[in-house]
Amino acid sequence: YFFYFGLASVTPTLVSSSGGVPRDLQLLVDGLDDAGDDIMDFLLCDFGREQQFSSTVSRIDGKYSCDAVDMDSSVGPNGTTTRLALTATAGSTFASGSDTTLLTIHSRPEVMNLSPVAGPEAGNVTLTLSLQDAIHIPTDRLQEISCRFVQESSSNLPVSGAKAELSRDGKFFYCHTAAMTRGVRKVEFSFNGEHFFPVNTPFEVQGCAAGSASRAYTESCEHCPLGESQPGLGQATCVACKAEQFSNVTGSKQCAMCP
């Protein structure tokens with residue numbers, strides 16, 4: 001049998017030359033719904049470079065995908081643009097699609113420094129990721145640029161997402177933290193909202209310092225008022241001074257005895 005088919009679209013359209021986590025590209029393919037599984041032995045994703053870069057196509061439950069291949073050897077810091085096509089193993093192009101199959105490929109980002117390395121549960125902290133090499137991606141190609149914070153103690157705990165942005169010179173990646181519960185979290189960042197890159201330095205979400213309190217982790221810490229204190233960390237309330245004790249400054253860690 002001969003099937004006429006086409007590559008209608010691919011997502012995401014912004015990928016790293018060395019992939020991310022995960023690395024798969026989702027393909028919308030027209031015309032192969034009635035084809036048997038044996039046709040998958042002949043299909044490849046061709047990344048359209050002078051030196052042929054390709055990967056096998058998978059079909060699971062009617063959905064097609066292929067891996068973003070390692071192209072670090074041919075992609076510089078400023079990235080490149082290539083058109084994804086479906087090919088046969090002999091190299092003949094079966095379907096090249098439209099502009100929706102145009103991929104922008106950037107080099108793999110390496111983070112030299114993360115600052116700060118700790119912040120409050122309530123969030124509203126801007127993390128600066130200093131990149132080893134500037135990443136230049138056209139503004140119109142950036143897709144769902146974001147960060148996420150993964151709890152290190154358990155893979156079953158939810159991932160906290162955060163808004164992010166890339167500096168104009170491409171040297172810095174900024175993550176704006178949202179409210180998160182206390183703990184040490186792995187930091188990961190993405191240019192397309194799907195392929196995430198890890199940061200070696202973890203970020204610690206801290207509770208309120210001694211002398212302050214917060215009724216909920218989503219609320220900012222407030223210094224203990226006059227007449228109250230709090231010696232502990234991460235507490236919900238401050239404690240009123242006992243009889244014959246006093247605190248005449250805000251943010252007291254401990255009440256003093258009356259003179």
Side-chain angles (χ1 to χ4, degrees), residues 20-21 109-132 144-168 171-259:
V21 183
E110 297 293 342
V111 177
M112 295 189 301
N113 183 58
L114 170 69
S115 180
V117 295
E121 292 179 298
N124 296 320
V125 174
T126 298
L127 276 63
T128 300
L129 284 60
S130 302
L131 304 180
Q132 179 173 319
E144 298 184 37
I145 185 169
S146 60
C147 296
R148 66 184 184 187
F149 299 84
V150 184
Q151 191 88 26
E152 287 192 323
S153 60
S154 173
S155 59
N156 296 323
L157 292 176
V159 173
S160 298
K163 295 181 179 180
E165 57 190 283
L166 182 67
S167 64
R168 286 190 176 184
K171 296 181 179 179
F172 302 97
F173 194 100
Y174 303 111
C175 298
H176 308 291
T177 65
M180 295 180 282
T181 54
R182 274 176 288 171
V184 177
R185 294 176 179 260
K186 297 178 182 178
V187 182
E188 299 176 347
F189 65 106
S190 173
F191 295 107
N192 60 22
E194 294 188 36
H195 297 166
F196 283 83
F197 303 96
V199 178
N200 291 331
T201 304
F203 180 76
E204 183 180 0
V205 182
Q206 300 175 331
C208 295
S212 63
S214 173
R215 294 186 179 278
Y217 78 90
T218 55
E219 299 177 4
S220 299
C221 299
E222 295 187 3
H223 291 301
C224 295
L226 300 179
E228 296 184 9
S229 69
Q230 180 48 261
L233 302 175
Q235 299 301 307
T237 60
C238 294
V239 180
C241 295
K242 296 180 180 179
E244 299 184 358
Q245 291 183 340
F246 75 102
S247 169
N248 59 356
V249 294
T250 58
S252 292
K253 299 178 183 179
Q254 190 171 2
C255 296
M257 293 300 297
C258 295

> Do F173 and V111 come within less than 4.5 Å of each other through their side chains, counting heavy atoms only?
Replying inline: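 No - every pair of side-chain heavy atoms lies 4.5 Å or more apart.
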> Which value, rounded to the nearest 0.5 Å, describes the distance between E194 atom CD and S146 atom OG?
Replying inline: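 Interatomic distance, E194 CD to S146 OG, rounded to 0.5 Å: 10.0 Å.
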> Distance under 6.0 Å and angle within 45° of the ring axis: does R148 meet both against F196?
Replying inline: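 Judged by the rule, R148 and F196 form a cation-pi pair.
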Enumerate donor-acceptor pairs with a distance under 3.5 Å from any side-chain N or O in residues 206-218 to protein atoms, sequence neighbours excluded.
unit_1 : atom_1 : unit_2 : atom_2 : d
S212   : OG     : A209   : N      : 3.4
S212   : OG     : A209   : O      : 2.7
S214   : OG     : A216   : O      : 2.6
S214   : OG     : E219   : O      : 2.8

> Could you give the distance from SG (C175) to CD (E188), rounded to the nearest 0.5 Å?
Replying inline: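 Answer rounded to 0.5 Å: 11.0 Å.
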> Between T201 and V117, is any pair of side-chain heavy atoms under 4.5 Å apart?
Replying inline: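 A side-chain contact exists here, since the closest heavy-atom pair is under 4.5 Å.
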> Between C147 and L127, does a side-chain contact (heavy atoms from CB on, under 4.5 Å) hold up when you go through it step by step?
Replying inline: CA-CA 10 Å; C147 296; L127 276 63; over 6 Å; no
>> Would F172 and E165 count as a side-chain contact (heavy atoms from CB on, under 4.5 Å) here? Give the steps.
In response: CA-CA 9 Å; F172 302 97; E165 57 190 283; over 6 Å; no
> For the atom pair CG (N200) and CE (M112), what is the distance rounded to the nearest 0.5 Å?
Replying inline: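 Nearest 0.5 Å value for the CG-CE distance: 13.0 Å.
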> Taking atom CD of E204 as the centre, does the number of heavy atoms from other residues, nucleotides or ligands within less than 6.0 Å exceed 12?
Replying inline: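 Yes, because the 6.0 Å sphere around CD of E204 holds more than 12 heavy atoms from other groups.
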>> Counting C-beta onward and ignoring hydrogens, is there a side-chain heavy-atom pair between V125 and P116 closer than 4.5 Å?
In response: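 Of all side-chain heavy-atom pairs linking P116 with V125, at least one is under 4.5 Å.
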> Rounded to the nearest 0.5 Å, how far does CD of Q254 lie from SG of C224?
Replying inline: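 So the gap between those two atoms works out to 12.0 Å.
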>> For the CD atom on Q245, are there more than 12 heavy atoms of other groups (residues, nucleotides or ligands in this structure) within a distance under 6.0 Å?
In response: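 Count over threshold, so yes.
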> Please walk me through it: do L129 and Y174 pass side-chain contact (heavy atoms from CB on, under 4.5 Å)?
Replying inline: CA-CA 6 Å; L129 284 60; Y174 303 111; over 6 Å; no
>> If you define the side chain from C-beta out and look only at heavy atoms, does anything of F149 sit under 4.5 Å from K186?
In response: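 Not touching, per the 4.5 Å side-chain cut-off.
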> Can you tell if the side chain of K171 reaches within under 4.5 Å of the side chain of L131, non-hydrogen atoms only?
Replying inline: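 They are not in contact (no side-chain heavy atoms under 4.5 Å apart), so the answer is no.
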> Of the non-hydrogen atoms in A164 and I145, which two are nearest, and what is the gap between them?
Replying inline: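 Residues A164 and I145, closest heavy atoms: O-CG2, 3.5 Å.
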> So how far is it from M180 CE to E121 CD, rounded to the nearest 0.5 Å?
Replying inline: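 Result: 9.5 Å between the selected atoms.
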> Taking atom types as modelled and ignoring hydrogens, do the side chains of S252 and S229 form a donor-acceptor contact shorter than 3.5 angstrom?
Replying inline: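 No pair is found: no donor N or O on one side chain lies under 3.5 Å from an acceptor on the other.
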> Quick check: are there more than 12 heavy atoms from other residues, nucleotides or ligands sitting under 6.0 Å from CG of N113?
Replying inline: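 More than 12 within 6.0 Å, yes.
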> salt bridge (Lys or Arg N to Asp or Glu O under 4.0 Å) with E228: which residues, sequence neighbours excluded?
Replying inline: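 E228 satisfies salt bridge (Lys or Arg N to Asp or Glu O under 4.0 Å) with no other residue.
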>> Against F246, only a single residue in C258, C255, C241 fulfils side-chain contact (heavy atoms from CB on, under 4.5 Å); can you say which?
In response: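 With F246 as partner, C258, C255, C241 yield a single side-chain contact (heavy atoms from CB on, under 4.5 Å), made by C258.
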> So which heavy atom on V187 is nearest to which on L114, and how close?
Replying inline: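 Minimum heavy-atom separation between V187 and L114: CG2-CD2, 4.2 Å.
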>> If you compare all heavy atoms of R182 against all heavy atoms of Q151, which two are closest, and at what distance to 0.1 Å?
In response: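 Nearest heavy atoms, R182 then Q151: O-NE2, 3.7 Å.
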> Can you check whether T126 reaches H176 side chain to side chain, under 4.5 Å on heavy atoms?
Replying inline: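 T126 reaches H176 side chain to side chain.
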>> Regarding S190 and H195, do their side chains bring together a donor and an acceptor under 3.5 Å, going by distance alone?
In response: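 Their side chains do not contain a donor-acceptor pair, so the 3.5 Å distance test is not met.
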> Does the side chain of F189 come within less than 4.5 Å of P109's, by heavy atoms?
Replying inline: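 In contact.
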